[in-house]
Protein chains: 4
Amino acid sequence: MPAHPLEPRRTPPGGRALKTVERILEATALLLDEVGFDALTTNAIAERAGVNVASLYKYFPNKYAVLTGLAERMRDEQLALIRRPTEPGAWREELATLLDVFLDLFVSRPGFATLASVLSSSAPLREIDEASLAAEARALSERLAEYGVEGSRADREAIARVALEAARGVLPLARRAGPARRKRLMRELRRMLEAYLAGHIEG
Amino acid sequence: MPAHPLEPRRTPPGGRALKTVERILEATALLLDEVGFDALTTNAIAERAGVNVASLYKYFPNKYAVLTGLAERMRDEQLALIRRPTEPGAWREELATLLDVFLDLFVSRPGFATLASVLSSSAPLREIDEASLAAEARALSERLAEYGVEGSRADREAIARVALEAARGVLPLARRAGPARRKRLMRELRRMLEAYLAGHIEG
Amino acid sequence: MPAHPLEPRRTPPGGRALKTVERILEATALLLDEVGFDALTTNAIAERAGVNVASLYKYFPNKYAVLTGLAERMRDEQLALIRRPTEPGAWREELATLLDVFLDLFVSRPGFATLASVLSSSAPLREIDEASLAAEARALSERLAEYGVEGSRADREAIARVALEAARGVLPLARRAGPARRKRLMRELRRMLEAYLAGHIEG
Amino acid sequence: MPAHPLEPRRTPPGGRALKTVERILEATALLLDEVGFDALTTNAIAERAGVNVASLYKYFPNKYAVLTGLAERMRDEQLALIRRPTEPGAWREELATLLDVFLDLFVSRPGFATLASVLSSSAPLREIDEASLAAEARALSERLAEYGVEGSRADREAIARVALEAARGVLPLARRAGPARRKRLMRELRRMLEAYLAGHIEG
DNA sequence: CATGAATGAGAATTCATTCAT
DNA sequence: CATGAATGAATTCTCATTCAT
């Protein structure tokens, strides 16, 4: 049994409890961006969410479970984007679109950009971090397979993972940048991924 | 005046004190990898370093300053690697070499891999993080200029930064991976950067 | 924003919390007399009060705020005594009575005697000290006005302040003295103030 | 044996050691006014005095001994002023002069005003405080005897002590006040003491 | 002897977490 | 069930004091 059980305490029965969980996660996300990881406290989260700390602990067994909840949400949204089907053949267009929606995700969803680095700098969260990234890489590698990328499963997953890591590095940066710099960064990111994937898809 | 002044309290003139500072930074690096950012305490650092906590605070005004010290060291080592000159023309070879030595840095220098994500997840450290990355991007962009990459200064820095972020994402991953996976990941990283830079250098 | 905000963290609405605040202040007063200012620690206060240190910090932002709370209480009690109306004309009797009740206050209220000197020897508390004394002097000067003391407002306040300071110096001394010495000291204090005020009221 | 031996560690042999002690005491006085009692640290004193902490501990066994040293100096200077003989008969003039020189002492000698309250708010120093005040009261009571004040020794000492306490209360206040207010306060202090002593000397 | 450096012990303050109502 | 209130256990940071050179 791990020191920090990360599973939510009980599936919120729906209705008003769900709204409570929602507000806790949202407050967590906002605070993460505002004050960073190490100033994030459960008391602050509860206050910001407008709920009592004891309520927070009713739905999450501990602090890390809250972050885990947020991480799962982030992972699910990213998975959904990756899996969203598109017309085959137009991989360059799809890549461009995917980068756009990912940027949108990182920009419009507070906390996501910060959460990504939090997950890999905190020991209790590393596991979920790696699992999430592996899942995303797997999903992406399946798309690569559709596009005819060859090699072993592991090869394709490595390709996917490398592409993902590149995006995960640049997106938070683009988020913080002004419009001109953001455009430049996104353009270069797209170029890099295009050049890279072209070798695998077309080569 | 910021809440957390990050400057070291005084440059140790070079006798016993230097050794103390050295051991503090080393202990910090080790602990960062072992327990992660949020379990990192100044007491633990001091204990691990075999010095008294008060000594730690004699040389660093607070916890963040210790991490800053480590970050500066990391930045300087990376800058040195980036700037190391090489015979012109062989950019592919140089890239491969650079990735090798960077991997070596991330693998052999404890704390570096973790520190990278710590820096962007902690508000008091974001500034130094961005400054360090900007400096590295600038150094790298100068190398790109030598290789004939065209475009504005800002363009070249964006290119450099995107390449850097990709590497910074994959290297910690490669560090944690077993030999086979590490090889795959590094190969793909190299392919990606080669394909990308080829477009800028040769195109 | 000052280094040591002195305002209580929130007015306890009046249930259990009020009792906690009460006990903290009482413990502070007792310890102040017993161990003095520089041995006064928040941990000792909490322990003596039978509450957790964290509770102390829930109601007071820092150590100085606790002392400020006590100082305000002291000021209010002194103000109440000064303002307590009496039959006009009998100023000597009123003075004697006032000195008696002040002595009683200093003797029976632990901490008050010590607190007085603490307030002026600690930089973060000097402000509240001066403000309290000014308020008391103002209140006393209003009584002097009722008794026909002439001169400007500032003059009367100076008279009041000088009288107050004399009392504030002698009272802690009388408190510590045995019965005989106490009697002598109080008699002389009364004589001094009578002689002084006679000149202003009757002259 | 008391927890805090207050005697200086050895009489400074004269010459350069004396200068060191001198500088320590001066630094202590300055800091006392600037930062107050509770922010006064031996390290800060040493730094301000331009000597090494270890040197401070060579001449003073502990922190309280430094304050004691300052207190003794203060007491001696006050005693000298009180004892300074003058032509008999002119007690009002002498009182006025004495108040003037005392004010000068409190104004020009940093730390003295603050030290007075420090001494009575710190348990380890209370003894020396009371002893000093008793000595001053005794000296003053001898002057009162010269002027024909009657009553027992204890009576005269009570008179002297009450007068002293009044002065000790007002002087720090006058020190902090602007010129106009200072003048008013000193005038009233003089009036009070005159009226009081007139009753004992002339009545 | 004076200093750079160190340190044991503790002090202020915080935080994750729980309980009583 | 939600909340006001409490708390055990750290955590950051400081300080009086000492030692080695």
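Hydrogens, waters and symmetry mates are skipped; everything else that's a heavy atom, side chains included, is used. Given the structure is predicted, the values throughout are model-derived calculations rather than measurements. Labels below follow one simple rule: chain letters A, B, ... track the order of the sequence lines, proteins then strands, and each chain is numbered from 1.
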Side-chain N,O (D:T42) to OP1/OP2 (F:dC15) below 4.0 Å: no
Below 4.0 Å: OP1/OP2 of E:dA2 and any side-chain N or O of D:Y59: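 Yes, because at least one side-chain N or O of D:Y59 sits under 4.0 Å from OP1 or OP2 of E:dA2.
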Enclosure of D:E130 CD (heavy-atom neighbours >12, cutoff 6.0 Å): yes
Over 12 foreign heavy atoms within 6.0 Å of CD, A:E26: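 Incorrect, the count does not exceed 12.
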Distance (rounded to the nearest 0.5 Å) between B:L56 CG and B:T28 OG1: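 Interatomic distance, B:L56 CG to B:T28 OG1, rounded to 0.5 Å: 7.0 Å.
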Contact nearer the 5' end of DNA chain E, comparing C:N62 with B:A54: B:A54
Pairwise 5' ranking along DNA chain E for D:G50 and B:G50, keeping only the more 5' one: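 By nearest-heavy-atom nucleotide position, the 5'-most residue is D:G50.
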Nearest-Å distance for atom pair [atom1]/[atom2], residues [X] and [N]:
{"X": "D:L40", "N": "F:dT17", "atom1": "CG", "atom2": "P", "value": "12 Å"}
{"X": "B:Y57", "N": "F:dC13", "atom1": "OH", "atom2": "C1'", "value": "5 Å"}
{"X": "D:N52", "N": "F:dA20", "atom1": "CG", "atom2": "C1'", "value": "12 Å"}
{"X": "A:I45", "N": "E:dA16", "atom1": "CD1", "atom2": "P", "value": "8 Å"}
{"X": "B:L18", "N": "E:dA6", "atom1": "CG", "atom2": "C1'", "value": "16 Å"}
{"X": "C:L31", "N": "E:dA11", "atom1": "CG", "atom2": "C1'", "value": "15 Å"}
{"X": "C:K58", "N": "E:dT17", "atom1": "NZ", "atom2": "P", "value": "18 Å"}
{"X": "C:E47", "N": "F:dG8", "atom1": "CD", "atom2": "P", "value": "11 Å"}

Taking the side chain of [X] as its heavy atoms from C-beta onward, which of [options] lies nearest to it?
{"X": "B:V53", "options": "F:dA5, E:dT17, F:dC13", "result": "F:dC13"}
{"X": "A:T41", "options": "F:dA2, E:dA16, E:dT13", "result": "E:dA16"}
{"X": "C:K63", "options": "E:dT13, F:dG8, E:dT18", "result": "E:dT13"}

Sugar-phosphate only, base, or nothing, as touched by C:V51 at under 4.0 Å among non-hydrogen atoms: sugar-phosphate
Pairing partner of F:dC15 (Watson-Crick or G-U wobble, both distances under 3.5 Å):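 Partner of F:dC15: E:dG8.
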Complement of E:dA20, any strand, by Watson-Crick or G-U distances under 3.5 angstrom: F:dT3
For A:I24 against A:V51, the heavy-atom pair lying closest together: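 Closest approach of A:I24 to A:V51, heavy atoms only: CG1-CG2, 4.1 Å.
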hbond_proxy C:N43 side chain to E:dG10 base (donor-acceptor, 3.5 Å cutoff):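 Under the 3.5 Å cut-off, the side chain and the base do not form any donor-acceptor pair.
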Which residues share a side-chain hydrogen bond (donor to acceptor under 3.5 Å, both in side chains) with B:E47, sequence neighbours left out: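 B:E47: no side-chain hydrogen bond (donor to acceptor under 3.5 Å, both in side chains) contacts found.
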Pairwise 5' ranking along DNA chain F for C:S55 and B:P61, keeping only the more 5' one: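 Of the two residues, C:S55 wins.
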